[in-house]
2 protein chains.
Amino acid sequence: MIRILLADDEHLIRGAMAALLSLEEDLEVVAHAATGAEALAMARSFRPDVAVIDLQMPDLDGVSVAQTLALELPSCSTMIVTSHGRPGHLKRALAAGVRGFLPKTVSSDVLATVVRTVHKGGRYVDPALAAEAISAGDSPLTPREADVLELALEGAPVDEIARRASLSPGTVRNYLSSAVGKTGTSNRHEAARWARAKGWI
Amino acid sequence: MIRILLADDEHLIRGAMAALLSLEEDLEVVAHAATGAEALAMARSFRPDVAVIDLQMPDLDGVSVAQTLALELPSCSTMIVTSHGRPGHLKRALAAGVRGFLPKTVSSDVLATVVRTVHKGGRYVDPALAAEAISAGDSPLTPREADVLELALEGAPVDEIARRASLSPGTVRNYLSSAVGKTGTSNRHEAARWARAKGWI
DNA sequence: AGAAAGCCATGACAGATGTCATGTCGGCTG
DNA sequence: CAGCCGACATGACATCTGTCATGGCTTTCT
């Protein structure tokens with residue numbers, strides 16, 4: 001019997017996935033969590049065999065949870081399930097020791113299969129996502145450029161970005177300009193949207 | 001036996017919700033759809049009692065589907081399930097004849113209950129969402145302002161917005177300016193984000 | 001040690017943007 | 001009918017942005 005921890009902030013989805021997994025003879029959902037912190041707490045007390053974690057959650061994101069889990073509970077294999085599969089996320093997830101990475105668009109029996117695969121020590125990454133990640137390559141952005149772009153994402157004016165990043169406005173404009181150049185976009189907002197689509201910020 | 005049509009672009013979620021609903025004695029999922037168009041086609045051939053539809057789908061959104069369904073298949077009650085419950089969406093949905101509106105954060109047994117409620121001719125709107133919708137009030141944006149803001153959402157420069165909206169650049173700037181004023185934000189990008197958060201564009 | 005690359009900053013300039021005053025036109029309403 | 005409002009437009013102005021040149025400072029690799 002494979003013991004599973006389910007973490008997803010959407011209660012309905014979590015319940016539905018639990019129902020789905022429970023239909024399988026050899027799978028058992030032993031713990032639920034609605035946030036990253038809760039997932040960690042649950043994992044510590046229930047010590048599941050496999051953790052199925054949603055990428056986007058209110059507090060910690062799935063990758064951070066996976067990272068901690070890999071250190072604290074090496075016996076537990078982690079897999080990520082997400083609605084928005086971006087190349088950058090996949091890379092970060094694999095670097096964090098995640099064994100499975102699935103978009104929520106996969107058919108429902110794949111989930112059970114992958115749970116078994118990662119439990120046996122295998123890995124599984126959605127082929128479409130893997131292809132995307134490979135073709136997307138690495139982020140061309142320097143860390144600072146990424147920081148600044150992230151702040152620009154909310155539409156803040158340069159001065160505010162400068163304050164929040166503790167930089168001078170001129171420097172911020174330089175970073176934005178260089179990010180715009182690297183992304184081949186025509187203004188910072190497009191650049192920011194582009195970077196988010198790739199999962200780089 | 002209540003016959004249900006399930007529409008959600010995320011295969012996994014759809015399967016999971018189907019598993020969940022099938023646990024109930026009196027519910028039966030008779031059709032699946034991954035897109036809005038598919039949902040309509042399925043509804044026409046299977047004539048379900050209740051349609052459970054995700055708000056965001058690749059082609060038509062849930063509200064459009066509900067609208068068509070209400071005209072073509074009055075015997076079928078429609079309910080919307082969504083990850084991002086914005087006040088504006090709720091209003092549009094109710095105007096389209098939707099009988100139930102739930103965020104995916106509700107607990108899983110609520111879903112079955114609401115399916116039964118709308119099937120009996122009742123209505124159910126998530127209380128938290130309803131409160132938000134009431135407090136948010138109506139959109140202060142004129143139709144044109146909303147159009148222009150929608151185009152601004154992608155970070156396009158004024159000239160492009162003007163071309164796409166068949167307006168003069170000056171007029172576009174006026175609309176954006178007035179939208180910024182109405183929303184109490186400090187630039188068009190914040191205004192656009194704000195309008196989207198409210199579900200007004 | 002020297003080169004390369006990232007990080008931070010300044011200043012200048014053109015072009016884009018936000019704001020305001022002002023005006024036309026058509027539809028709705030009292 | 002007169003008045004109001006929304007849609008559309010123009011021109012002018014101040015400010016914000018994007019770009020470029022330039023320079024200093026630190027870290028890393030060779």
Of all the heavy-atom pairs spanning [X] and [Y], show the shortest one and how long it is.
| X | Y | result |
| --- | --- | --- |
| B/C76 | B/P48 | CB-O, 3.4 Å |
| B/L151 | B/A165 | CD1-CB, 3.9 Å |
| A/M17 | B/A16 | N-CB, 3.7 Å |
| B/V114 | B/M79 | CG1-CE, 3.6 Å |
| A/A195 | A/L149 | CB-CD1, 3.8 Å |
| B/T183 | B/T185 | OG1-OG1, 2.6 Å |

ask   = In residues 148-157 of chain A, what residues come within less than 4.0 Å of DNA chain C, judged by heavy atoms?
value =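 Within this stretch, nothing sits under 4.0 Å of the strand.
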
query = Tell me, which of residues 173-199 of chain A have any heavy atom that sits under 4.0 Å from an atom in DNA chain C?
reply =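 Heavy-atom contacts with DNA chain C come from A/R173, A/N174, A/Y175.
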
task = First locate atom CD of A/E28, then atom CD1 of A/I2, and finally report the distance between them rounded to the nearest 0.5 Å.
result =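 A/E28 atom CD to A/I2 atom CD1 measures 11.0 Å (nearest 0.5 Å).
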
Euclidean distance, atom [atom1] of residue [X] to atom [atom2] of [N] [Å, nearest integer]:
| X | N | atom1 | atom2 | value |
| --- | --- | --- | --- | --- |
| B/R144 | C/dG26 | CZ | P | 16 Å |
| B/D147 | D/dG6 | CG | P | 15 Å |
| B/D159 | C/dA16 | CG | C1' | 8 Å |

ask   = Looking across every strand, which nucleic acid part, if any, lies under 4.0 Å from B/T171 by heavy atom: base, sugar-phosphate, or nothing?
value =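 Base contact - B/T171 has a heavy atom under 4.0 Å of at least one base atom.
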
Partners meeting side chain to side chain donor-acceptor pair (under 3.5 Å) with A/E132 (sequence neighbours left out) =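 Side chain to side chain donor-acceptor pair (under 3.5 Å) list for A/E132, sorted by chain: empty.
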
Pair B/D61-B/S64, side-chain donor/acceptor within less than 3.5 Å =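 Short answer, yes.
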
B/T68-B/E72 side chain donor-acceptor pair, cut-off 3.5 Å =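 There is no such pair (donor and acceptor under 3.5 Å, judged by atom type) between the side chains of B/T68 and B/E72.
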
note = Per-nucleotide protein contact along nucleotides 24-30 of chain D, 5' to 3', at a 4.0 Å heavy-atom cut-off (B base, S sugar-phosphate only, - neither), is -------

Nearest to side-chain heavy atoms of A/P143, which nucleotide of C/dC7, D/dA7, C/dA9 =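 Output: C/dC7.
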
ask   = Which nucleotide, C/dC7, D/dT17, D/dC8, lies nearest any side-chain atom of A/V158?
value =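 Per side-chain heavy atoms of A/V158, the pick is D/dT17.
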
key: End axis versus end axis in the helix from C/dA1-D/dT30 to C/dG30-D/dC1, the angle rounded to 10°, five pairs used at each terminus   =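 Answer rounded to 10°: the end axes differ by 40°.
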
inquiry  = Check A/E10 with A/R14, please: is the shortest side-chain N to carboxylate O separation under 4.0 Å?
reply    =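 So A/R14 does not pair with A/E10 through a salt bridge.
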
key: B/R116 and B/E24 ion-paired at < 4.0 Å   =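 Yes.
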
key: side chain to side chain donor-acceptor pair (under 3.5 Å) pairs, two or more places apart, involving residues 47-60 of chain A   =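 For residues 47-60 of chain A: A/D54-A/K104, A/Q56-A/T82.
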
request  = Would you indicate, yes or no, if C/dA5 has its OP1 or OP2 atom less than 4.0 angstrom from a side-chain nitrogen or oxygen of A/T142?
outcome  =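 So the side chain of A/T142 is outside the cut-off, no N or O lying under 4.0 Å from OP1 or OP2 of C/dA5.
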
